[in-house]
Amino acid sequence: YEISACLVGSEMCIRDRGPDHERSLAAEVTLAEAELMVGDTRRARDMTLRVLRLRTEALGPEHNLVVEVLLLLAKIAIRDADAREALARAQAALEARVASGESKRLVNAARFFVAQAYVLAGEPQAAGAVARQIVFEGPLAGELRGWCVSDCQAELAELRGPPTPP
């Protein structure tokens, strides 16, 4: 896939917009996630910010593919211990998912990042309030529980705090 002839500065030309362009962006997100796994948060952030800008321009800020990138940026910020950035990105993603009527599964994933960002910001009460809103129910509950393995379950239990009496 040759894009060098199609570059203008750092922008891809209009001819590259479409399914092939989105596949390229999806590959870039995957590479950014790989960079994050090996600890290169700067490179992961740079790649992800580029994808965020291009997807936002093409799809609008509320599109699910844009929201996924916001959550990846929140994860990167959490790794970098940047509470303010993590909270801003995670809250924006959560608001977009709620506003667009996304599934509970996707809303809960965003809530989990918001809770983690609050923990990082030193706000355990806010983290607990958000974590208590995360519910594993419905036809995808098993999938969610599988995604949120024991470490995640323990973290959620800690964030939620002791159960409140009825």
Side-chain angles (χ1 to χ4, degrees), residues 9-12 21-136 140 143-161:
S10 64
E11 299 295 320
M12 290 187 189
H21 177 67
E22 182 49 43
R23 279 193 286 279
S24 295
L25 293 179
E28 196 162 341
V29 168
T30 301
L31 288 172
E33 290 172 341
E35 293 292 347
L36 182 60
M37 285 192 291
V38 297
D40 191 346
T41 56
R42 183 195 53 77
R43 187 168 159 89
R45 182 183 316 97
D46 291 347
M47 295 169 78
T48 307
L49 285 170
R50 178 182 172 284
V51 172
L52 177 66
R53 183 178 49 78
L54 292 171
R55 279 186 174 168
T56 301
E57 288 171 4
L59 304 171
E62 305 262 323
H63 194 279
N64 189 45
L65 291 173
V66 173
V67 175
E68 286 178 7
V69 174
L70 286 173
L71 289 174
L72 179 55
L73 285 166
K75 184 190 293 188
I76 293 166
I78 288 167
R79 286 272 173 89
D80 276 345
D82 185 344
R84 203 175 101 233
E85 176 75 10
L87 194 53
R89 299 291 188 182
Q91 283 179 324
L94 176 58
E95 289 169 11
R97 284 197 167 165
V98 168
S100 65
E102 287 289 349
S103 69
K104 283 185 181 180
R105 178 178 65 91
L106 294 176
V107 170
N108 282 335
R111 281 188 178 122
F112 186 72
F113 282 106
V114 171
Q116 286 184 314
Y118 274 129
V119 168
L120 185 61
E123 298 184 38
Q125 291 82 12
V130 172
R132 283 187 287 282
Q133 296 174 36
I134 299 172
V135 178
F136 298 113
L140 295 176
E143 179 185 330
L144 265 174
R145 282 189 203 95
W147 168 77
C148 190
V149 291
S150 60
D151 289 348
C152 171
Q153 293 284 355
E155 187 173 345
L156 277 176
E158 186 178 319
L159 290 172
R160 288 180 177 141

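Note that the structure is a prediction, hence the values are computed from the model and not measured.
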Residue set satisfying salt bridge (charged side-chain N to carboxylate O under 4.0 Å, His left out) with Glu68, at least two apart, ordered chain then number -> none
Listed by chain and number, what are the side chain to side chain contact (heavy atoms under 4.5 Å, CB included) partners of Arg84, not counting sequence neighbours?
Asp82
Using the side chain to side chain contact (heavy atoms under 4.5 Å, CB included) criterion, which residues pair with Thr56? Sequence neighbours excluded.
Leu52, Pro61, Val66
Which distance, rounded to the nearest 0.5 Å, do you find between the CG of Leu70 and the CG of Leu65?
11.5 Å
Let me have the donor-acceptor pairs involving side chains of residues 85-92, under 3.5 Å, with sequence neighbours excluded, atom names and distances please.
from, atom 1, to, atom 2, distance (Å)
Glu85, OE2, Arg89, NE, 2.6
Glu85, OE2, Arg89, NH2, 3.2
Gln91, NE2, Tyr118, OH, 2.9

Partner set under side chain to side chain contact (heavy atoms under 4.5 Å, CB included) for Asp46, not counting sequence neighbours
Arg42
Looking only at heavy atoms, what is the nearest atom pair of Ala93 and Ala110, with distance?
C-CB, 4.3 Å
Kindly give the heavy-atom pair with the smallest separation between Ala32 and Leu72, and that separation in Å.
CB-CD2, 4.2 Å
By side chain to side chain donor-acceptor pair (under 3.5 Å) - contacts of Arg79 (at least two apart):
none
To the nearest 0.5 Å, how far apart are CZ in Arg55 and CG in Leu25?
5.5 Å
Distance-only criterion, 3.5 Å: show the donor-acceptor pairs between side-chain atoms of residues 33-41 and protein atoms not counting sequence neighbours.
from, atom 1, to, atom 2, distance (Å)
Glu35, OE2, Arg43, NE, 2.9
Asp40, OD1, Arg43, N, 3.1
Thr41, OG1, Asp80, OD1, 2.6
Thr41, OG1, Asp80, OD2, 3.4

Residues forming a side chain to side chain contact (heavy atoms under 4.5 Å, CB included) with Glu102, sequence neighbours excluded
Asn64, Arg97, Ser100, Leu106, Val107
Arg111: which residues meet the salt bridge (charged side-chain N to carboxylate O under 4.0 Å, His left out) condition with it, sequence neighbours left out?
none
Distance-minimising heavy-atom pair for Phe113 and Leu71:
CD1-CD2, 3.7 Å
Non-hydrogen atoms of Leu49 and Leu73 that approach each other most closely
CD2-CD1, 3.9 Å
Quick check: closest heavy atoms across Arg132 and Gln125, and the distance to 0.1 Å?
NH2-O, 4.3 Å
